Amino acid sequence: RRRHTRYIGDWSSDVCSSDLRIQNTISSFKFVNEVVYSEEFVNRLNKNIQYVSYFLTLIGVLLVFISLNLITSTVRLSLIENSEDVKTMYLVGATRRYISKPFLKKALWEGLLAGGLSFIWLFFTRLSINAVFPFITPALNLKFFLITGMLLGVLSVCMTLWVTFSSVYRFLSRKTG
């Protein structure tokens with residue numbers, strides 16, 4: 001068997017322990033006599049995976065900004081569509097809070113729907129990854145999956161409510177101010 005050296009202060013020290021776990025897992029199979037691999041190749045592979053994860057994070061942030069822009073545009077179109085009703089309600093003496101309630105209720109339901117759909121998408125993605133790559137199953141544990149799904153749901157509700165609230169109040173202050 002191959003010996004591993006842990007480098008103190010090196011970013012790959014955690015990677016070495018995971019390499020050792022992978023080596024032990026592969027060695028535990030009856031048909032495997034010896035596990036030999038290039039540490040340099042594994043380190044380069046881990047560094048490339050780190051770069052890909054940075055790139056995917058950047059894409060995720062970009063998609064969040066795009067979704068915020070789409071939600072804002074949709075709420076503004078809804079406000080323009082109902083502008084006569086909003087104007088009449090405001091002229092009769094309705095407060096901004098009363099006027100914004102239907103829009104916020106609609107945003108809450110849309111956020112819950114978006115969170116539910118993202119949770120379902122995440123679930124089926126996890127199932128398909130487990131079916132194709134069964135050796136990744138320990139990395140995709142249920143606790144991580146549930147926490148990520150709940151965060152997606154909370155994020156979608158908060159995003160829709162915040163964007164709707166700011167758009168409605170901006171529209172009302174522009175229309176009446």
Side-chain angles (χ1 to χ4, degrees), residues 11-12 14-15 18 21 44-177:
W11 70 272
S12 63
D14 292 334
V15 174
S18 67
R21 279 188 294 157
R44 281 187 298 169
L45 182 66
N46 287 329
K47 197 161 195 108
N48 287 339
I49 289 172
Q50 188 178 22
Y51 291 145
V52 168
S53 65
Y54 289 152
F55 180 71
L56 291 176
T57 302
L58 181 67
I59 288 176
V61 168
L62 182 65
L63 288 175
V64 166
F65 283 122
I66 289 171
S67 66
L68 288 174
N69 192 12
L70 287 173
I71 293 169
T72 304
S73 299
T74 305
V75 170
R76 285 183 183 167
L77 284 173
S78 177
L79 284 168
I80 290 170
E81 179 184 348
N82 298 324
S83 64
E84 290 198 19
D85 295 336
V86 170
K87 185 177 179 183
T88 304
M89 288 169 57
Y90 195 78
L91 288 175
V92 170
T95 61
R96 290 181 183 197
R97 176 187 262 173
Y98 182 79
I99 294 171
S100 65
K101 271 185 187 178
F103 296 104
L104 291 175
K105 284 181 184 177
K106 182 178 177 186
L108 176 68
W109 285 112
E110 289 173 353
L112 289 172
L113 178 68
L117 288 175
S118 65
F119 189 77
I120 291 170
W121 175 79
L122 184 66
F123 177 74
F124 283 115
T125 302
R126 180 177 183 261
L127 285 180
S128 62
I129 287 174
N130 285 343
V132 175
F133 305 110
F135 55 88
I136 298 180
T137 303
L140 299 173
N141 61 9
L142 187 62
K143 183 179 178 183
F144 174 76
F145 167 71
L146 290 175
I147 290 172
T148 305
M150 289 185 348
L151 285 175
L152 277 173
V154 168
L155 180 67
S156 63
V157 169
C158 289
M159 276 179 32
T160 55
L161 284 176
W162 175 65
V163 170
T164 302
F165 179 79
S166 63
S167 296
V168 167
Y169 272 79
R170 189 178 303 133
F171 180 81
L172 289 176
S173 64
R174 181 185 61 113
K175 202 70 167 160
T176 58

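From a predicted model like this one, the values you see are computed outputs, not experimental measurements.
To the nearest 0.5 Å, atom CG of residue Leu155 and atom OG1 of residue Thr160 are 9.5 Å apart. Atom NZ of residue Lys87 and atom CD1 of residue Ile99 lie 12.5 Å apart, to the nearest 0.5 angstrom. Atoms CZ and CZ, on Arg97 and Phe165 in that order, are 9.0 Å from each other to the nearest 0.5 Å. With values rounded to the nearest 0.5 angstrom, Leu152 atom CG is found 12.5 Å from Ile120 atom CD1. Note that CG of Asn69 and OG1 of Thr74 are 9.5 Å apart. Values are rounded to the nearest 0.5 Å. With values rounded to the nearest 0.5 angstrom, Leu127 atom CG is found 10.0 Å from Leu122 atom CG.
Between Phe103 and Leu79, some side-chain heavy-atom pair lies under the 4.5 Å cut-off. Annotation: side chain of Trp162 is in contact with side chain of Leu68 (closest heavy-atom distance under 4.5 Å). Under the 4.5 Å side-chain criterion, counting only non-hydrogen atoms from C-beta, Val168 is not in contact with Leu104. Annotation: side chain of Val52 is not in contact with side chain of Asn48 (no heavy-atom distance under 4.5 Å). Annotation: side chain of Leu117 is not in contact with side chain of Trp121 (no heavy-atom distance under 4.5 Å).
More than 12 heavy atoms of other residues, nucleotides or ligands sit less than 6.0 Å from atom OH of Tyr169.
The minimum heavy-atom distance linking Ser67 with Met159 is given by the pair OG-CE, 3.2 Å. Lys106 approaches Ser78 most closely through the heavy-atom pair NZ-OG, 4.3 Å.
Side-chain atoms of Ser156 come within 3.5 Å of backbone atoms of Gly153 as a donor-acceptor pair (strictly under, hydrogens ignored). No side-chain donor-acceptor contact under 3.5 Å links Thr164 to the backbone of Leu161.
Between Phe145 and Phe119, the distance separating the two ring centers is shorter than 6.0 angstrom.
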